[in-house]
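Below: one structure, written as structure tokens.
Chain letters run A, B, ... following the sequence lines, proteins first and then strands; every chain starts at 1. Small disclaimer: the values here were computed from a predicted structure and weren't measured.
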Number of protein chains: 2
Amino acid sequence: MTEGAQAAGGRDAAAVDRFVERFAAELTEAGMQRMASRVFAALLASDTGSLNAAELAERLQISPAAVSGAIRYLSQVSMVGREREPGSRRERYRLHSELWYETFTRRDQVLIRWQQTLREGADSLGPGTPAAQRISETAEFFAFLHAEMTQIMDRWRAHKADRAAEQATETVGDPER
Amino acid sequence: MTEGAQAAGGRDAAAVDRFVERFAAELTEAGMQRMASRVFAALLASDTGSLNAAELAERLQISPAAVSGAIRYLSQVSMVGREREPGSRRERYRLHSELWYETFTRRDQVLIRWQQTLREGADSLGPGTPAAQRISETAEFFAFLHAEMTQIMDRWRAHKADRAAEQATETVGDPER
DNA sequence: CCTTAACTTCACAAATTTCTGAAAGAAGCG
DNA sequence: CGCTTCTTTCAGAAATTTGTGAAGTTAAGG
């Protein structure tokens with residue numbers, strides 16, 4: 001806190017590690033697998049937004065097997081993509097550029113499933129009963145939330161595009177890279 | 001599906017149990033402790049939205065200790081409240097009426113913490129670096145989300161109030177009970 | 001006050017999850 | 001084609017989590 005720690009050229013590796021571990025811990029607390037959280041946080045803190053297995057294993061002090069498992073999970077939930085390093089037989093794991101969009105789209109699916117289960121539950125309880133009424137309301141809440149989430153993501157992308165447009169007045173570049 | 005199963009008077013207990021277990025499993029998959037999920041689902045499916053420890057233990061086939069643990073968690077995250085049964089030394093566990101409001105308010109706090117961690121992380125990485133930029137954007141995303149969530153909850157309550165007002169033309173009653 | 005009903009805490013056994021080393025499996029490169 | 005480098009799979013050891021019975025605590029009611 002008292003020292004602006006990153007020396008000329010290199011950043012303060014210890015501070016970065018601390019951030020990686022802290023954010024990973026928060027993700028873990030929220031229910032994500034521990035290794036997946038750590039790998040994700042490490043990618044987030046990398047300049048290119050991508051690392052290969054060896055780099056991950058070294059930075060996080062974990063076995064290649066652990067990397068493999070974490071990546072399997074993260075790609076399944078569309079949080080990272082895998083690509084080949086040209087001129088090498090290594091693979092590179094990269095944060096999706098549409099990261100939060102993909103992640104929240106996925107979470108959206110959960111809301112839909114819950115909604116369905118709840119509606120079936122309301123049927124089982126017999127319409128008219130207070131329980132069925134409560135459960136129906138809950139289902140409706142999730143339907144509402146689902147609709148709103150979609151809009152939010154649209155708004156976020158618009159918001160981001162706006163900022164990007166501002167930037168573009170200085171730096172004219174390809175938005176994809 | 002082929003039979004409208006609930007007999008006159010009593011509902012189809014098996015179907016209700018099935019719902020409770022299914023919805024609980026979905027909550028568990030989303031990261032909630034198993035017993036907490038089951039207790040919560042059982043409360044949701046009860047007519048009064050409340051049960052006591054003995055009822056929960058019997059319906060879910062679990063020990064009093066398990067009930068106690070689940071309730072401790074659920075009340076900590078403001079999903080149920082505890083109250084005394086008058087004329088008895090039993091306690092009654094009740095779904096909060098502002099259930100989703102409370103739950104999402106709580107989740108909101110997580111967003112705020114993440115945001116903070118991310119901003120600190122961006123500092124550690126040194127402004128100007130691509131990593132810091134990415135992390136800042138993520139922090140901004142959560143700030144955005146937080147603001148939107150608050151609005152959504154307001155809209156939901158308005159939405160619910162509207163429907164309640166419609167109902168009130170038929171059934172004039174105390175909204176609390 | 002003492003009894004007793006109800007809930008909580010605690011220590012432990014069981015089940016599950018997590019991570020690793022070792023072996024097997026792909027895929028570029030010579 | 002075989003060698004080499006990288007990744008994945010697998011079986012098992014270690015750690016963690018989970019649920020229980022039993023003892024402990026609290027407070028209502030006689």
Side-chain angles (χ1 to χ4, degrees), chain A residues 17 20-21 24-43 46 48 50-77 79-95, chain B residues 17 20-21 24-43 46 48 50-77 79-95:
Chain A
D17 281 358
V20 167
E21 293 307 330
E26 282 170 3
L27 291 176
T28 300
E29 235 171 307
M32 189 148 98
Q33 300 171 5
R34 181 174 3 179
M35 287 295 139
S37 301
R38 300 219 293 150
V39 165
F40 178 75
L43 286 170
S46 70
T48 60
S50 71
L51 295 168
N52 62 37
E55 291 167 334
L56 284 166
E58 205 233 306
R59 295 196 192 194
L60 301 175
Q61 299 285 10
I62 58 180
S63 71
V67 173
S68 178
I71 293 293
R72 180 172 24 163
Y73 172 81
L74 289 171
S75 60
Q76 205 155 31
V77 301
M79 291 178 81
V80 308
R82 349 161 63 113
E83 50 188 53
R84 240 350 135 144
E85 277 182 1
S88 153
R89 63 199 69 171
R90 286 197 173 150
E91 216 152 8
R92 211 160 178 64
Y93 307 117
R94 151 163 281 124
L95 253 35
Chain B
D17 280 359
V20 168
E21 293 306 330
E26 283 169 3
L27 292 176
T28 300
E29 239 171 304
M32 189 148 100
Q33 299 170 6
R34 184 179 356 186
M35 286 297 139
S37 301
R38 299 219 294 150
V39 166
F40 178 75
L43 287 170
S46 69
T48 60
S50 71
L51 295 168
N52 62 37
E55 291 167 335
L56 284 167
E58 205 233 306
R59 294 197 192 193
L60 301 175
Q61 299 284 11
I62 58 181
S63 70
V67 172
S68 178
I71 293 292
R72 178 172 26 162
Y73 173 81
L74 288 171
S75 61
Q76 203 155 32
V77 301
M79 290 177 82
V80 310
R82 350 162 62 115
E83 51 188 55
R84 232 2 129 143
E85 278 182 359
S88 153
R89 62 196 73 168
R90 287 200 172 146
E91 216 152 8
R92 210 158 179 65
Y93 307 117
R94 150 164 282 125
L95 252 35

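Using a 4.5 Å heavy-atom threshold, the side chains of L56(A) and I62(A) count as separate. Between M35(A) and Y73(A), the closest side-chain pair of non-hydrogen atoms is not below 4.5 Å. Here the side chains of Y93(A) and L51(A) are not in contact, with every heavy-atom distance at 4.5 Å or above.
dA6(C) atom P lies 15 Å from atom CG of L56(B), rounded to whole Å. Atom CD1 of I71(A) and atom P of dC19(C) are 14 Å apart (whole Å). N52(A) has its CG atom 6 Å from the P atom of dT7(D), to the nearest Å. Rounded to a whole Å, the CD atom of E85(A) is 16 Å from the P atom of dA27(C). Atom C1' of nucleotide dT18(C) and atom CZ of R38(A) are separated by 12 Å, given to the nearest angstrom.
Taking only distance into account, the side chain of R89(B) meets the base of dT4(C) through a donor-acceptor pair shorter than 3.5 Å.
When distances are taken from the side chain of M35(A) to each of dA22(D), dT7(D), dC19(C), the shortest belongs to dC19(C).
Side-chain nitrogen and oxygen atoms of R34(A) include at least one within less than 4.0 Å of the OP1 or OP2 phosphate oxygen of dC19(C).
Positionally, the nearest nucleotide of DNA chain D for R90(A) lies more toward the 5' end than for the other of R90(A) and R72(A).
Residue pairs satisfying the side chain to side chain donor-acceptor pair (under 3.5 Å) criterion with at least one member in residues 82-92 of chain A, sequence neighbours excluded, are listed as follows: S50(A)-R92(A), N52(A)-E85(A), S75(A)-R82(A), E83(A)-R94(A), E85(A)-R92(A).
E91(A) comes within 4.0 angstrom of sugar-phosphate atoms only, judged by non-hydrogen atoms across all strands, and of no base.
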